[in-house]
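Counting starts at 1 for both ligands and their atoms, following the listed order. Numbers here are sequence positions counted from 1.
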Amino acid sequence: MSERGMADGGGRIVALCGGVGGAKLALGLTHVVPSDRLTIVVNTGDDFRHCGLHVSPDIDTVLYTLSGRANQETGWGRANESWRFMAAMAEVGGETWFALGDTDLALHAARTARLAAGDSLTAITRDIAARFGIAAGILPATDQPVATIVDTDEGSLPFQRYFVERRCAPRIRAIRFAGAPGAVPTEEVRSALAAPDLAAIVICPSNPYLSIDPILAIPGMRNLVAGSAAPVVAVSPLVGGQAVKGPLAKIMGELGRDLVPASILDHYDGLVDVLLVDRQDAAHARDPRMRLAQTLMTSLDDRIALARSVLETASTAGPGARG
Ligand code: FO1
């Protein structure tokens with residue numbers, strides 16, 4: 001099936017995504033895959049309660065990025081933001097370590113109210129995506145709370161305290177996902193991954209430890225991916241031995257992993273049929289499951305080109321190549 005054929009031949013695509021890097025490829029995929037055949041499964045391990053509000057950073061980064069509302073500099077929050085709420089929070093002694101922009105705040109307030117009324121994160125996310133004019137499916141990995149906890153040399157930290165408040169300074173010992181044993185993939189995620197016409201499962205260039213593992217840690221999720229007949233194509237989040245963004249290189253060093261693409265393939269432990277590696281890492285791409293591509297995305301064209309590379313790779317990978 002050609003890449004166009006895959007995109008136009010009815011093949012469905014499911015992408016696992018978290019963080020800024022993941023959202024970039026998700027945007028590229030929306031330009032190549034018809035929206036009624038594209039589903040983005042998003043990490044919810046970053047979610048937390050802040051100032052009484054339920055904040056879902058990775059879902060919001062995907063919502064804002066796919067609707068052209070994202071802050072291009074930070075990758076999170078909204079463009080053209082104002083900060084009067086935060087200034088007033090400082091004035092009244094509220095918490096200011098986690099910045100909530102005025103227009104971003106509306107999303108957290110509306111979501112918190114609907115969750116309190118009993119609506120699911122899946123339904124809320126679907127409605128907001130529709131209001132933002134996003135036609136692709138955006139699915140929280142689970143509707144149950146799963147919180148990424150980072151065990152460090154300074155004790156256990158909830159993800160945002162580690163990532164934002166402490167700026168990833170503490171040394172990581174382990175990463176856990178509180179609540180995972182009691183969580184299940186949503187029915188929508190389950191049926192997307194079990195679709196008979198699924199043409200590829202894409203693992204975006206998100207942080208494997210902080211953004212993809214919280215998805216795969218949900219009981220049953222890994223089997224849904226591993227058991228699929230569709231090829232699994234991952235994009236390495238490392239380029240030139242460095243993370244494109246965020247603490248990945250530091251975390252891998254602290255966990256004793258070499259900063260090479262093989263460490264990414266090993267981490268996914270047989271789940272991935274092909275790992276796309278940036279051309280500048282050709283010397284480290286000897287594994288037959290690796291293919292070279294331009295994985296660094298600075299422009300929209302780069303995002304679209306990488307999405308095409310992923311689909312092209314999937315259409316030649318064929319099912320069952322997994323170990
Ligand atoms: N990241 C920061 O580094 N500093 C912040 O103040 C901050 C606020 C914030 C507010 C809403 C939101 O959706 C994301 C926000 N992020 C912030 C990013 C957040 O920490 C995400 O978890 C990361 O993007 C990693 O996925």
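Residue Arg167 has no N or O atom closer than 3.5 Å to an N or O atom of ligand 1. In terms of polar-atom proximity, defined here as any N/O pair under 3.5 Å, Gln160 does make such a contact with ligand 1. For ligand 1, the polar-atom distance check against Val164 finds no nitrogen or oxygen pair separated by under 3.5 Å. Between Asp58 and ligand 1, at least one N/O pair is under 3.5 Å apart.
Neither the backbone nor the side chain of Leu210 has a heavy atom within less than 4.0 Å of ligand 1.
The pair Arg176-Asp151 counts as a salt bridge, with a side-chain nitrogen and a carboxylate oxygen less than 4.0 angstrom apart. Ion pair Asp302/Lys24 not flagged as a salt bridge, since none of the NZ, NE, NH1 or NH2 atoms sits closer than 4.0 Å to an Asp/Glu carboxylate oxygen. Taking a cutoff of 4.0 Å between a charged side-chain nitrogen and a carboxylate oxygen, Arg166 and Glu154 qualify as a salt bridge. Remark: Glu95 engages Arg161 in a salt bridge, criterion side-chain N to carboxylate O under 4.0 Å. Salt-bridge annotation for Arg111 and Asp60: present, with a side-chain N of the basic residue lying under 4.0 Å from a carboxylate O of the acidic one.
Considering only non-hydrogen protein atoms, atom 6 (O) of ligand 1 sits nearest to Ala99 N, 2.9 Å. The shortest contact between atom 21 (C) of ligand 1 and any protein heavy atom is with Pro57 CB, 3.6 Å. Nearest to atom 25 (C) of ligand 1 among the protein's heavy atoms is Asp46 OD2, 3.5 Å. Closest to atom 11 (C) of ligand 1 among all protein heavy atoms lies Asp104 OD2, 3.4 Å.
A donor-acceptor contact under 3.5 angstrom links the side chains of Asp102 and Ser82, judged on distance only.
Set against the non-hydrogen atoms of Phe159, the atoms of ligand 1 under 4.0 Å away are 22 (O). Atoms of ligand 1 found under 4.0 Å from any heavy atom of Gly19, numbered from 1 in the order shown, are 26 (O).
Taking only non-hydrogen atoms, the option from Phe98, Trp97, Trp76, Phe163 nearest to atom 23 (C) of ligand 1 is Phe163.
Distance CD/Glu188 to CZ/Arg190: 11.0 Å, rounded to 0.5 Å.
Centroid-to-centroid, the aromatic rings of His54 and Phe48 stay 6.0 Å apart or farther.
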